[in-house]
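As the structure is a prediction and not an experimental result, all values here were calculated from the model.
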Amino acid sequence: NLALRVLGRDGHPLERAGAAGIIRRDEAHVASSHPTRRSAAYHTASAGDRRRAHGAVAETLTDEVVRAWHAGQAAVGPDDGVADDLTRAADTLLGRRAPVAAAGSFERAAALTTDPEAAGVRLRRAAEALAETGRTEAALALLDQADDLGRLELEAARREQLRLRLAARGGATEEAIEGLRSLAARVQALDPLLSAQVWLDA
């Protein structure tokens with residue numbers, strides 16, 4: 001009902017949908033009566049209607065993670081404020097051991113970020129989250145996207161580190177170890193902590 005009010009609508013559509021058995025509702029919750037119906041209703045709506053609905057829902061929520069997701073879906077173009085909220089949500093999701101959801105938040109944040117370097121960092125973090133779940137191809141695809149955005153040497157080193165770790169998991173152990181040792185030596189003067197982390201990977 002709150003989201004409907006944000007949209008300037010009353011609660012009658014929910015009442016009609018409930019009476020028709022399309023949704024189930026109580027004092028606090030509204031749910032579709034069937035996943036297929038929910039999917040059909042969502043995907044037959046226009047892109048503009050979906051964005052407006054996500055925006056209205058975002059305005060009514062107190063959960064920062066869910067609110068950030070809805071705000072991200074409502075965004076039409078670059079929006080650094082929403083991107084920052086999505087990044088914080090992704091960090092929270094990592095803390096909750098939900099790396100796939102975190103990766104999605106990082107990736108959406110990158111798409112809404114105006115600064116290419118910051119967008120590249122967020123894509124790399126999305127790749128790291130997916131790598132932890134064994135989704136190597138998806139992680140590598142995100143790293144390739146990040147390569148097109150980020151030019152900073154240390155950030156490039158972090159992407160190379162992840163690629164080498166993934167190569168080692170894929171069986172190219174000797175080449176990965178040699179690559180990690182070389183990378184650790186290259187970044188020693190720039191960032192001793194990163195160099196130590198790379199040595200530990202090796």
Side-chain angles (χ1 to χ4, degrees), residues 42-43 47-48 50-51 54-55 58 64-173 175-180 182-184 186-187 190-191 193-195 197-198 200-202:
Y42 185 81
H43 292 289
R50 287 197 297 270
R51 285 195 298 270
H54 282 296
E64 293 183 359
V65 172
V66 183
R67 185 176 68 233
W69 183 83
H70 280 287
Q73 297 304 306
V76 179
D79 188 321
D80 287 318
V82 174
D84 290 343
D85 289 344
L86 281 165
T87 299
R88 284 189 288 271
D91 286 328
T92 299
L93 288 164
L94 287 176
R96 294 176 183 173
R97 300 177 185 268
V100 175
S105 289
F106 279 130
E107 189 173 359
R108 182 59 179 156
L112 298 175
T113 300
T114 57
D115 175 49
E117 291 290 348
V121 171
R122 286 163 173 167
L123 285 174
R124 187 257 304 164
R125 296 197 66 196
E128 289 174 342
L130 288 181
E132 293 305 312
T133 70
R135 303 183 185 207
T136 300
E137 289 186 10
L140 289 172
L142 289 173
L143 291 175
D144 289 343
Q145 293 179 46
D147 285 342
D148 294 333
L149 297 169
R151 296 291 182 266
L152 296 178
E153 188 173 356
L154 278 177
E155 188 56 30
R158 291 184 177 95
R159 294 195 298 271
E160 184 178 350
Q161 177 190 20
L162 180 55
R163 281 193 173 95
L164 289 166
R165 285 168 51 199
L166 292 171
R169 290 182 191 176
T173 311
E175 296 89 340
I177 290 173
E178 184 60 33
L180 287 165
S182 175
L183 178 61
R186 292 203 316 269
V187 301
L190 293 171
D191 189 331
L193 178 57
L194 176 59
S195 178
Q197 292 169 344
V198 176
L200 284 172
D201 280 348

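In this structure, R88 does not pair ionically with D91, as no charged nitrogen and carboxylate oxygen lie closer than 4.0 Å. Salt bridge status for D147 with R163: present, with a side-chain N to carboxylate O gap under 4.0 Å. The pair R158-D191 meets the salt-bridge criterion, since a charged nitrogen lies less than 4.0 angstrom from a carboxylate oxygen. A salt bridge links E155 and R124; the closest N-O separation between the charged side-chain nitrogens and carboxylate oxygens is under 4.0 Å. A salt bridge is defined here as a Lys NZ or Arg NE, NH1 or NH2 lying under 4.0 Å from an Asp or Glu carboxylate O, and R125 with E107 fails to meet this definition.
In this structure, the side chains of L149 and L123 come closer than 4.5 Å at one or more pairs of heavy atoms. By the 4.5 Å heavy-atom criterion applied to side chains, T92 and E64 are not counted as neighbours. Two residues are said to be in side-chain contact when any heavy atoms from C-beta on lie closer than 4.5 Å; L86 and F106 fail this criterion. Taking the side chain as every heavy atom from C-beta outward, Q161 and L194 approach each other to under 4.5 Å. Counting only heavy atoms from C-beta outward, the side chains of E160 and L164 approach each other to under 4.5 Å. Inter-residue side-chain proximity for E117 and R151 is flagged as met; some heavy-atom pair is nearer than 4.5 Å. Between L130 and P99 there is no side-chain heavy-atom pair separated by less than 4.5 Å. The shortest distance between side-chain heavy atoms of V100 and R135 falls below 4.5 Å.
Here the OG-CG distance, from S105 to L94, works out to 9.0 Å after rounding to the nearest 0.5 Å. Put simply, CG on D79 and OG1 on T113 are 9.5 Å apart, with the number rounded to the nearest 0.5 Å. Interatomic distance, L152 CG to R159 CZ, rounded to the nearest 0.5 Å: 8.5 Å. One distance of note links CD of E137 with CG of L166; it measures 11.0 Å at 0.5 Å rounding.
With R169 contributing its side chain and A131 its backbone, the two residues share a donor-acceptor pair below 3.5 Å. In this structure a side-chain-to-backbone donor-acceptor pair under 3.5 Å is present from T87 to A83. Panel note: side chain S195, backbone V187; no donor-acceptor pair is recorded below 3.5 Å. Distance alone, capped at 3.5 Å, is enough to place a donor-acceptor pair between the D80 side chain and the T114 backbone.
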Salt bridge (Lys or Arg N to Asp or Glu O under 4.0 Å) between R122 and D84, intermediate numbers included: CA-CA 10 Å; R122 286 163 173 167; D84 290 343; 2.8 Å; yes
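Of all heavy-atom pairs spanning L112 and A75, the tightest one is CD2-CB, 3.7 Å. The two atoms that bring A89 and A68 nearest to each other are CB-CB, 4.0 Å, heavy atoms only.
Other residues, nucleotides and ligands contribute only 12 or fewer heavy atoms inside 6.0 Å of the CD atom of E153.
Residues passing the side-chain hydrogen bond (donor to acceptor under 3.5 Å, both in side chains) test with E132, sequence neighbours excluded: R165.
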